Amino acid sequence: MSKGNKKGFHKGAQQGFRDMRRPAAPVTQAGVNAKITFPCDYSLKVVGDAAEDFAASVCQVVIRHAPDLDATKLEVVDSRNGRFQSVRITIRATGEQQLNQLFLDLKATGRVHMVV
């Protein structure tokens with residue numbers, strides 16, 4: 001590609017053309033780019049110190065925020081050395097406030113190291 005073409009592409013990109021190599025962000029009714037469209041199925045991975053009751057502890061918190069949780073689909077994975085556990089779960093997320101409060105309550109247990 002010649003220098004002129006590169007300049008022309010760059011100039012066009014500045015004039016409001018979208019870079020087609022990147023996905024378009026969804027737009028909400030207010031015209032603001034949205035990260036997630038609610039309601040939706042939302043997967044969580046909660047990591048903490050391995051313990052027999054860690055998964056039950058996570059479920060107790062999650063059920064407060066997503067009462068329709070199907071605990072039978074919960075997946076518990078131990079780390080290679082057995083020191084940590086991750087609890088993988090999918091909830092029906094209704095909004096950003098619900099997710100933020102869920103993350104705060106999980107961290108407040110003192111047993112959760114990370115929520116992904």
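Numbers here are sequence positions counted from 1. Bear in mind that the values here come from a model prediction, so they are computed numbers and not experimental data.
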Side chain to side chain, [X] and [Y], heavy atoms closer than 4.5 Å:
{"X": "Val76", "Y": "Leu74", "result": "yes"}
{"X": "Asp49", "Y": "His113", "result": "yes"}
{"X": "Leu102", "Y": "Val115", "result": "no"}
{"X": "Val112", "Y": "Val47", "result": "no"}
{"X": "Val58", "Y": "Leu106", "result": "yes"}

Out of curiosity, [X] [atom1] to [Y] [atom2], how far, rounded to the nearest 0.5 Å?
{"X": "Leu44", "Y": "Leu99", "atom1": "CG", "atom2": "CG", "answer": "7.5 Å"}
{"X": "Ile91", "Y": "Tyr42", "atom1": "CD1", "atom2": "OH", "answer": "8.0 Å"}
{"X": "Leu104", "Y": "Thr109", "atom1": "CG", "atom2": "OG1", "answer": "11.5 Å"}
{"X": "Arg64", "Y": "Cys59", "atom1": "CZ", "atom2": "SG", "answer": "12.0 Å"}

Got a sec, which residues hit salt bridge (Lys or Arg N to Asp or Glu O under 4.0 Å) with Arg111, two or more places apart in sequence or on another chain? Asp53
Applying ring-ring contact (aromatic ring centres under 6.0 Å, His included) to Phe103 and not counting sequence neighbours gives none
Would you say Ile36 and Ile89 are hydrophobically clustered, going by side-chain heavy atoms of ILVMFWY under 4.5 Å? yes
Are Val46 and Met114 co-members of a hydrophobic cluster defined by side-chain heavy atoms under 4.5 Å apart? no
Donor-acceptor under 3.5 Å (Gln98 side chain, His65 main chain): yes
Between Ser79 (side chain) and Phe84 (backbone), is there a donor-acceptor pair under 3.5 Å? yes
Taking all atoms of both residues into account, what is the closest heavy-atom pair of Gly82 and Ala50, and its distance? O-CB, 3.3 Å
How about CD on Glu96, more than 12 heavy atoms from neighbouring residues, nucleotides or ligands closer than 6.0 Å, or not? no
Passing option when Arg92 is tested against Asp70, Asp68, Asp41 for side-chain hydrogen bond (donor to acceptor under 3.5 Å, both in side chains): Asp41
After noting the C-alpha distance and the side-chain angles of Val87 and Glu75, does the key distance pass the side-chain contact (heavy atoms from CB on, under 4.5 Å) rule? CA-CA 6 Å; Val87 177; Glu75 183 182 352; over 6 Å; no
